[in-house]
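These numbers come from a predicted model, not from an experiment.
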Amino acid sequence: SSTDLDDGGATILPNSSPSTGRWKRKFNNSIKFSEFGCDITGAADSASFISKMLTYAGTLTNSETVKVVLENESGSLITTTQLISVPSSVSIINNGTLKYTGTTDQGTFVLFRSTTDTGITGTGIIDGNNAENINGIGVSGRSDLGGASYRVKISGQTIKNCRHQTGNLVGNGGGKGITLQTGARQGLVTDCIIEDCDIGLALESSIANDGKNRVHTKDIIIKDCQYAGVYIQNTFSNEPTTGDFGMTHLDLTIENCGTSVTTDDGFSPIVLNGAYSVSGSVMIRNNSGEIDIIRGAGRFINLDVYADVN
């Protein structure tokens with residue numbers, strides 16, 4: 001009979017004396033957070049239960065034919081003091097709230113790294129809880145950390161309350177609602193609201209000199225992000241070859257972003273830090289007339305910007 005350890009979700013130790021054998025959960029491609037013991041009221045820290053769930057999900061993805069979905073159900077509030085590093089080939093359906101309650105971790109709350117055809121969908125909330133140096137949702141894929149990420153979708157989420165690290169340069173120490181970094185290839189961000197973060201949407205291909213960030217956004221609302229609504233850092237040390245450069249298409253609305261700092265700080269609703277090949281349509285509303293709509297520089301920038309400023 002089985003002697004596997006009890007993980008609280010997939011393997012359960014029988015309540016018998018002596019305890020022989022194990023109860024085994026039958027996997028059907030979907031794992032609910034609640035099935036691994038997460039407190040859906042938010043009253044207790046669910047970090048240890050999420051850790052066991054992620055470990056189990058990772059063991060199921062050894063076969064390329066297996067696609068694992070982690071589901072946070074509607075109406076649930078799950079709090080955790082640890083970051084959620086999503087295993088490769090694992091997706092999340094978030095219809096409830098995932099709230100970060102830690103104080104010492106640094107990085108991205110929900111991170112997809114070196115993965116393909118995954119992402120986070122639903123109609124839920126990702127809450128950074130104003131912790132320092134925390135991003136909301138991130139996608140990356142550095143070559144030294146497992147390789148690029150392809151076709152990662154972020155949809156239907158409200159991301160809020162993400163703050164950068166005090167004393168660090170804005171743009172380098174967290175505070176981004178959504179960040180797509182080096183190796184985040186062919187990303188799609190759609191039907192999301194990003195609010196009350198330091199920076200709303202950040203595209204940062206140049207962090208590890210990759211420069212192949214291809215991102216499409218559609219129907220995004222970014223509001224009340226004090227330093228910038230959109231921050232694009234796509235710098236190249238050399239002229240990229242044909243088809244070997246970042247391409248960003250923006251379809252979004254920015255409201256009251258980049259207005260909480262002085263004009264000397266270099267931030268505004270849209271910041272281009274060496275951006276390359278950016279196109280699309282952006283509506284900017286209710287920003288102070290004293291703030292520049294776009295700051296910075298780039299090449300092959302073709303943005304239709306519609307401004308309704310006070």
Side-chain angles (χ1 to χ4, degrees), residues 5-15 19 22-60 68-87 90-112 119-138 154-166 174-178 192-198 224:
L5 295 177
D6 189 327
D7 63 8
T11 302
I12 304 297
L13 188 69
N15 184 18
S19 56
R22 298 293 187 268
W23 292 103
K24 292 284 190 176
R25 183 179 300 279
K26 184 178 180 180
F27 174 63
N28 62 356
N29 293 92
S30 177
I31 305 169
K32 292 181 172 60
F33 281 70
S34 58
E35 291 175 344
F36 266 77
C38 295
D39 179 6
I40 62 173
T41 71
D45 180 17
S46 292
S48 63
F49 304 108
I50 293 175
S51 178
K52 292 177 181 178
M53 179 183 66
L54 294 174
T55 298
Y56 172 63
T59 66
L60 297 171
V68 181
V69 177
L70 308 179
E71 184 177 356
N72 185 27
E73 297 171 283
S74 177
S76 67
L77 167 60
I78 293 178
T79 61
T80 174
T81 54
Q82 295 183 9
L83 307 179
I84 300 174
S85 184
V86 184
V90 174
S91 298
I92 295 178
I93 298 177
N94 180 40
N95 289 314
T97 297
L98 294 174
K99 184 175 183 179
Y100 179 74
T101 52
T103 57
T104 59
D105 281 319
Q106 300 177 354
T108 299
F109 182 24
V110 180
L111 176 63
F112 297 87
I120 180 168
T121 60
T123 56
I125 296 171
I126 302 295
D127 188 351
N129 199 31
N130 294 312
E132 280 195 18
N133 205 3
I134 287 295
N135 303 313
I137 301 173
I154 301 171
S155 177
Q157 301 299 296
T158 296
I159 304 99
K160 62 183 184 180
N161 301 329
C162 298
R163 298 286 169 256
H164 81 290
Q165 185 180 38
T166 301
K176 302 147 192 168
I178 296 177
C192 288
I193 297 173
I194 306 172
E195 60 184 356
D196 197 19
C197 297
D198 287 345
D224 301 323

Item to complete: Using only heavy-atom distances, determine whether the side chains of T108 and N135 contain a donor-acceptor pair under 3.5 Å.
Response: yes
Discussion item. As an exercise, state the distance from CD of E35 to OG of S30, rounded to the nearest 0.5 Å.
Written reply: 7.0 Å
Practice prompt. State whether the side chain of T101 and the backbone N or O of T80 hold a donor-acceptor pair below 3.5 Å, judged by distance alone.
Written response: yes
Fill in: For the student: nearest non-hydrogen atoms of Y56 and F36, plus distance
CD2-CZ, 3.6 Å
Discussion item. Just so I know, are the side chains of I93 and K32 near enough to count as touching, which here means a heavy-atom distance under 4.5 Å?
Written reply: no
Discussion item. Please check this pair: side chain of T79 against backbone of A44, looking for a donor-acceptor N/O pair closer than 3.5 Å.
Written reply: yes
Worksheet entry | Main-chain N/O of G122 paired to N95 side chain as donor or acceptor, under 3.5 Å | no
Discussion item. Could you go through L54 and V90, starting from their C-alpha distance and side-chain angles, then the distance that decides it, and tell me whether this counts as side chain to side chain contact (heavy atoms under 4.5 Å, CB included)?
Written reply: CA-CA 9 Å; L54 294 174; V90 174; 5.8 Å; no
Worksheet item: Looking at N129, D127, L83, which one forms a side-chain contact (heavy atoms from CB on, under 4.5 Å) with I134?
Response: L83
Item to complete: Run the numbers on Q157 and I120 for side chain to side chain contact (heavy atoms under 4.5 Å, CB included), then give the verdict.
Response: CA-CA 8 Å; Q157 301 299 296; I120 180 168; 3.9 Å; yes
Worksheet, complete the sentence: Residue set satisfying ring pair (Phe, Tyr, Trp, His ring centres under 6.0 Å) with F109, at least two apart, ordered chain then number -> Y100
Worksheet item: What residues form a salt bridge (charged side-chain N to carboxylate O under 4.0 Å, His left out) with D45, not counting sequence neighbours?
Response: none
Worksheet item: Taking all atoms of both residues into account, what is the closest heavy-atom pair of A131 and G102, and its distance?
Response: CB-O, 3.9 Å
Item to complete: Apply side chain to side chain contact (heavy atoms under 4.5 Å, CB included) to the pair V110 and N94, showing each step before the final yes or no.
Response: CA-CA 11 Å; V110 180; N94 180 40; over 6 Å; no
Discussion item. Tell me the closest heavy-atom pair linking I126 and G136, and the distance in Å.
Written reply: CG2-O, 3.9 Å
Worksheet entry | Separation between CG of D196 and OG1 of T158, rounded to the nearest 0.5 Å | 12.5 Å
Worksheet item: What pair of heavy atoms forms the shortest contact from C197 to N161, and how long is it?
Response: SG-N, 3.8 Å
Worksheet, complete the sentence: Shortest non-hydrogen pair, I159 vs G177, comes out as CG2-O, 3.3 Å
Practice prompt. Name all residues meeting the salt bridge (charged side-chain N to carboxylate O under 4.0 Å, His left out) criterion together with K160; count only those two or more places apart in sequence or in a different chain, and write none if there are none.
Written response: none
Discussion item. Please evaluate residues I40 and E73 with respect to the criterion side chain to side chain contact (heavy atoms under 4.5 Å, CB included), reporting the C-alpha separation (whole Å), side-chain torsions for both, the decisive distance (0.1 Å), and the verdict.
Written reply: CA-CA 9 Å; I40 62 173; E73 297 171 283; 5.7 Å; no
Worksheet, complete the sentence: d(K99 NZ, S46 OG) to nearest 0.5 Å is 13.0 Å
Worksheet item: Which atom names give the shortest non-hydrogen contact between G156 and C192, and what distance separates them?
Response: N-SG, 3.7 Å
Worksheet, complete the sentence: Value for CG (D39) from CZ (F49), rounded to nearest 0.5 Å, stands at 8.5 Å
Practice prompt. Measure the CD-OG1 distance between E71 and T121 for me, rounded to the nearest 0.5 Å.
Written response: 9.5 Å
Fill in: Check: S51 side chain, A47 main-chain N or O, donor-acceptor pair, under 3.5 Å
no
Item to complete: Check whether any side-chain heavy atom of L98 sits under 4.5 Å from a side-chain heavy atom of F33, and report yes or no.
Response: yes
Practice prompt. Could you grab the distance from atom OG of S48 to atom CE of M53, nearest 0.5 Å is fine?
Written response: 11.0 Å
